[in-house]
Engineer: 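My questions will all concern the structure given below.
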2 protein chains.
Amino acid sequence: MANDDLLRQTIEKFWDTIPPVWGRVRGNVRCNATHDFNLTLIQFHILRHIWHGVRSVGELAEEQQISRPAVSQIVQILVEKGLVIRQTDAHDRRYVHLEITQSAAELLEAVYGKNRRWMAEKMASLNEEQLKTIQAAMEMLKKTFDPAAD
Amino acid sequence: MANDDLLRQTIEKFWDTIPPVWGRVRGNVRCNATHDFNLTLIQFHILRHIWHGVRSVGELAEEQQISRPAVSQIVQILVEKGLVIRQTDAHDRRYVHLEITQSAAELLEAVYGKNRRWMAEKMASLNEEQLKTIQAAMEMLKKTFDPAAD
DNA sequence: CTTAATAGTTAATTTACTTAACTATAAGCT
DNA sequence: AGCTTATAGTTAAGTAAATTAACTATTAAG
């Protein structure tokens with residue numbers, strides 16, 4: 001099939017693009033989070049996921065592809081920094097619900113906003129059609145590699 | 001401008017997509033490289049970059065956003081594994097040219113090929129138009145976040 | 001009501017990365 | 001020329017991060 005070649009090309013392009021691009025975006029965030037708030041990238045990610053509704057250590061570990069003890073330790077640091085609150089579930093006392101605090105929401109918005117502005121500056125030259133193409137591609141990749149699909 | 005909203009949306013989508021998708025792809029490669037060849041992800045990346053023509057420790061450090069000593073140590077391991085050869089430049093003896101060996105080329109193709117097949121399987125349901133959309137998006141992202149553009 | 005399973009944490013170890021110091025070579029200056 | 005500064009890379013020491021293994025608490029299953 002001709003589609004096989006296209007598929008192969010697309011995968012090659014993915015590998016050519018995502019590692020360096022993600023590396024740069026990551027680098028920018030790390031720089032903001034570290035410099036402004038003394039947060040590591042992974043701490044920021046965990047915080048962001050809790051913010052987005054991932055509220056247990058196990059789920060966070062699954063999503064971040066790191067071990068549960070690692071997440072637990074990171075959460076501990078975030079609690080000590082006053083960014084996260086732990087609450088044991090009333091119905092199943094094994095579960096610990098995680099929530100971000102008000103100051104975390106502000107911090108998150110500051111770091112994330114700064115990155116967004118940096119990205120927006122980089123992407124300023126893209127027109128409407130190009131942005132829509134990127135959005136469509138993101139949507140497809142998200143669905144294609146969704147762990148829930150397995 | 002209406003484009004501002006679109007841009008903002010696109011950035012949000014990027015953040016919603018790339019970390020988990022990259023995490024999964026990365027996880028697959030780590031699994032292949034670790035399980036089959038006892039290579040870490042970063043060792044695989046360094047190898048891949050040398051293969052693609054990035055041939056000095058400094059450049060590799062720049063691209064991978066890690067320190068030069070870290071790269072130097074990784075290269076040392078790769079040399080010991082018989083995957084990389086160091087050669088000092090004849091004209092400027094400070095430079096060390098890095099090259100992958102034949103066995104590295106084979107190893108790389110095995111790991112990378114296995115990942116490619118895994119990705120191809122995942123992406124099998126995408127049609128020609130969708131693949132082209134992803135390719136176009138990759139192309140744009142690559143250009144947009146190219147460090148050389150700064 | 002004992003055993004197995006699940007969620008999370010703690011502890012010990014290992015791995016990986018960083019900074020600082022050092023070697024070797026090249027380029028710039030007066 | 002010869003002294004100074006800069007560059008590429010490595011080595012060494014210290015730090016930070018993640019992993020596995022072991023443990024607690026709670027719930028579900030036989």
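Below, read A as the first sequence line, B as the second, and so on, with proteins coming before strands; counting in each chain starts at 1. Everything quoted here is computed from the prediction, not taken from an experiment.
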Engineer: Specify whether A/Y112 and A/F44 have parallel, tilted or perpendicular ring planes, treating 30° as the upper limit for parallel and 60° as the lower limit for perpendicular.
Structural biologist: tilted
Engineer: Hey, can you pull the residues of residues 41-62 of chain B with a non-hydrogen atom under 4.0 angstrom from DNA chain C?
Structural biologist: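 Listed by number, there are none.
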Engineer: Got a salt bridge between B/D16 and A/R48, using NZ or NE/NH1/NH2 to carboxylate O under 4.0 Å?
Structural biologist: yes
Engineer: Would you indicate which nucleotide in D/dA18, D/dG9, C/dT18 comes nearest to any side-chain atom of B/R68?
Structural biologist: D/dG9
Engineer: Say whether, by atom type as modelled, one donor and one acceptor occur between the side chain of B/T133 and the main chain of A/A137 under 3.5 angstrom.
Structural biologist: no
Engineer: Can you tabulate the close N/O pairs, meaning under 3.5 Å, that link protein atoms to atoms of nucleotides 13-15 of chain C?
Structural biologist:
none

Engineer: Would you say CZ of A/R8 has more than 12 non-hydrogen atoms from neighbouring residues, nucleotides or ligands within 6.0 angstrom?
Structural biologist: no
Engineer: Heavy atoms only: give me the nearest B/E63-B/V54 pair and the separation to one decimal.
Structural biologist: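 Closest approach of B/E63 to B/V54, heavy atoms only: OE2-CG2, 3.5 Å.
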Engineer: For B/Q73, which contact category applies under a 4.0 Å heavy-atom criterion: base, sugar-phosphate, or nothing?
Structural biologist: base
Engineer: May I ask you to check whether B/E80 and B/Q76 show a side-chain donor-acceptor distance below 3.5 Å?
Structural biologist: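 Yes - a donor-acceptor pair under 3.5 Å links their side chains.
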Engineer: Tell me whether the count of non-hydrogen atoms from other residues, nucleotides or ligands lying under 6.0 Å of CZ in A/R93 goes above 12.
Structural biologist: no
Engineer: Mind calculating the distance between CD1 (B/I74) and P (D/dT11) to the nearest angstrom?
Structural biologist: 14 Å
Engineer: Ring centres of B/W15 and A/W22 under 6.0 Å apart?
Structural biologist: yes
Engineer: Do NZ/NE/NH1/NH2 and the carboxylate oxygens of B/E128 and B/K132 come within less than 4.0 Å?
Structural biologist: yes
Engineer: How many Å lie between CG on A/L78 and P on C/dT9, as a whole number?
Structural biologist: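 To the nearest whole Å, that distance equals 12 Å.
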Engineer: Would you call B/K114 and B/D36 a salt bridge, taking side-chain N to carboxylate O under 4.0 Å as the test?
Structural biologist: yes
Engineer: Between atom CD1 in B/I66 and atom C1' in D/dA16, what is the gap in whole Å?
Structural biologist: 15 Å
Engineer: When you measure from the side chain of A/T17 to the backbone of A/K13, do you find a donor-acceptor pair of N or O atoms at a distance under 3.5 Å?
Structural biologist: yes
Engineer: Using only side-chain N and O atoms of A/S67, determine if any of them is under 4.0 Å from OP1 or OP2 of D/dT19.
Structural biologist: yes
Engineer: Can you tell me the distance, in whole Å, between the CG atom of A/L39 and the P atom of D/dA16?
Structural biologist: 15 Å
Engineer: To the nearest Å, how far apart are B/Q76 CD and D/dA12 C1'?
Structural biologist: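 Value for this atom pair: 14 Å.
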Engineer: Between the protein and nucleotides 24-26 of chain D, list the N/O to N/O atom pairs that are separated by less than 3.5 angstrom.
Structural biologist:
unit_1	atom_1	unit_2	atom_2	d
D/dT26	OP1	A/R93	NH2	3.3

Engineer: Taking atom P of C/dC17 as reference, at what distance in whole Å does atom CZ of A/R26 sit?
Structural biologist: 10 Å
Engineer: Less than 4.0 angstrom between a side-chain N/O of A/S72 and OP1 or OP2 of C/dG8, yes or no?
Structural biologist: no
Engineer: For the pair made of CD in A/Q65 and C1' in D/dA17, what is the distance, rounded to whole Å?
Structural biologist: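 Rounded to the whole Å, the gap is 17 Å.
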